[in-house]
Amino acid sequence: MYNFLHSTEFLVIIFTLTALLVGMIVKPSHRGQAETSFARGLMSYDPDTTPRVEFSCMESGEVAIRRCGLPGLTDSATVALAITRIGFDIAIEERITEGSYLDPEANAATFFIGPLGHERYHISYNSAPCSLFLATTLTNRPGIAFTRTFPAS
């Protein structure tokens, strides 16, 4: 009598089904489409030159982001953010265009993004011009405000 349980065909079928099952288990969940928006900063001067990002959550769901410690800029400089959102992950890329050296000094820029839902977000902030990066979480609830300094290079 032929024993099907010990045959090569049976083992190949079991191996194939196991591989299919593992593939279904490790498949990432659907995160949604990437949405990219842009924000231009309002330039200002801050006496504290520590490179940092300040977050403030508004009642409307908007989030004010203040980037401080920008080196060697003036009021006519442009600091802009490219904000890519996928689900609850937000990736921010900073872009800097220098202005006229004759204008008053500025080392901070304020941005408003959103409105965002009252959820918990994972934020990565990359400043390629300054070679700085930080990652943090943001629980968007009215009145929440916190500061994150960039790690020392």
Side-chain angles (χ1 to χ4, degrees), residues 14-153:
I14 292 298
F15 178 75
T16 304
L17 290 175
T18 304
L20 190 86
L21 184 63
V22 168
M24 289 177 14
I25 291 171
V26 299
K27 178 183 174 190
S29 63
H30 182 65
R31 292 176 48 195
Q33 272 189 320
E35 300 173 7
T36 301
S37 60
F38 302 92
R40 184 173 182 217
L42 304 169
M43 300 302 293
S44 62
Y45 180 79
D46 188 334
D48 182 0
T49 59
T50 305
R52 66 189 186 281
V53 181
E54 300 171 352
F55 297 91
S56 298
C57 301
M58 313 284 194
E59 187 74 37
S60 65
E62 284 189 316
V63 177
I65 298 176
R66 186 164 187 251
R67 167 69 161 95
C68 302
L70 293 162
L73 298 180
T74 62
D75 271 345
S76 60
T78 301
V79 180
L81 301 180
I83 305 155
T84 303
R85 181 176 166 204
I86 304 173
F88 298 111
D89 296 328
I90 300 175
I92 299 174
E93 291 285 332
E94 182 179 270
R95 300 172 181 167
I96 298 174
T97 304
E98 294 183 12
S100 170
Y101 66 91
L102 300 173
D103 291 329
E105 183 181 358
N107 63 357
T110 304
F111 309 90
F112 295 93
I113 66 169
L116 302 173
H118 295 292
E119 301 288 343
R120 181 180 173 137
Y121 294 91
H122 303 279
I123 296 179
S124 64
Y125 192 106
N126 185 31
S127 175
C130 299
S131 299
L132 297 172
F133 177 84
L134 68 80
T136 189
T137 59
L138 165 74
T139 303
N140 188 17
R141 300 277 189 262
I144 290 181
F146 60 94
T147 301
R148 295 291 184 261
T149 56
F150 287 99
S153 303

Below 4.5 Å, heavy atoms only, C-beta onward: do I92 and R67 meet side chain to side chain? no
Those residues at least two apart in sequence (or on a different chain) that pass ring-ring contact (aromatic ring centres under 6.0 Å, His included) with F146 are F55
Sub-3.5 Å donor-acceptor pair from the side chain of S76 to the main-chain atoms of S100, do we have one? yes
Taken to the nearest 0.5 Å, the spacing of R40 CZ from L81 CG works out to 12.0 Å
Would you say the side chain of Y45 lies within less than 4.5 Å of the side chain of N107, judging by non-hydrogen atoms? yes
Side chains of R85 and L116 in contact at under 4.5 Å (non-hydrogen atoms): yes
I'd like to know whether CZ of R141 has more than 12 heavy-atom contacts from other residues, nucleotides or ligands below 6.0 angstrom. yes
Counterpart residues, salt bridge (Lys or Arg N to Asp or Glu O under 4.0 Å), relative to D46 (two or more places apart): R52, R66
Closest heavy-atom contact between S56 and A145? OG-CB, 3.9 Å
Contact summary for L138 and C57, nearest pair of heavy atoms: CD1-SG, 3.6 Å
Find the distance between CZ (R148) and OG1 (T136) and round it off to the nearest 0.5 Å. 4.0 Å
Does CZ in F133 sit with more than 12 non-hydrogen atoms of other residues, nucleotides or ligands closer than 6.0 Å? yes
Residues which pass ring-ring contact (aromatic ring centres under 6.0 Å, His included) with F111, listed by chain and number, not counting sequence neighbours: none
Determine whether E94 and L70 satisfy the following criterion, side chain to side chain contact (heavy atoms under 4.5 Å, CB included), listing intermediate values before the conclusion. CA-CA 11 Å; E94 182 179 270; L70 293 162; 3.9 Å; yes
Atom of L132, atom of N126 and distance for their closest heavy-atom approach: O-OD1, 3.3 Å
Test item: F150 and T50 side chains (from C-beta on) under 4.5 Å apart, heavy atoms: no
Between OG1 of T97 and CG of L73, what distance do you get to the nearest 0.5 Å? 9.5 Å
Between H118 (side chain only) and N140 (backbone N and O only), is there a donor and an acceptor less than 3.5 Å apart? yes
Rounded distance (nearest 0.5 Å) linking atom CG of L20 with atom CZ of F15: 11.5 Å
Side-chain contact, heavy-atom cut-off 4.5 Å: F112 with M58? yes
Once you round to the nearest 0.5 Å, how far does OG1 of T78 lie from CE of M43? 8.0 Å
Drop me the distance from I123's CD1 to I90's CD1, to the nearest 0.5 angstrom. 5.0 Å
Over all atoms of both residues, closest heavy-atom pair of L134 and V53: CD2-CG2, 4.1 Å
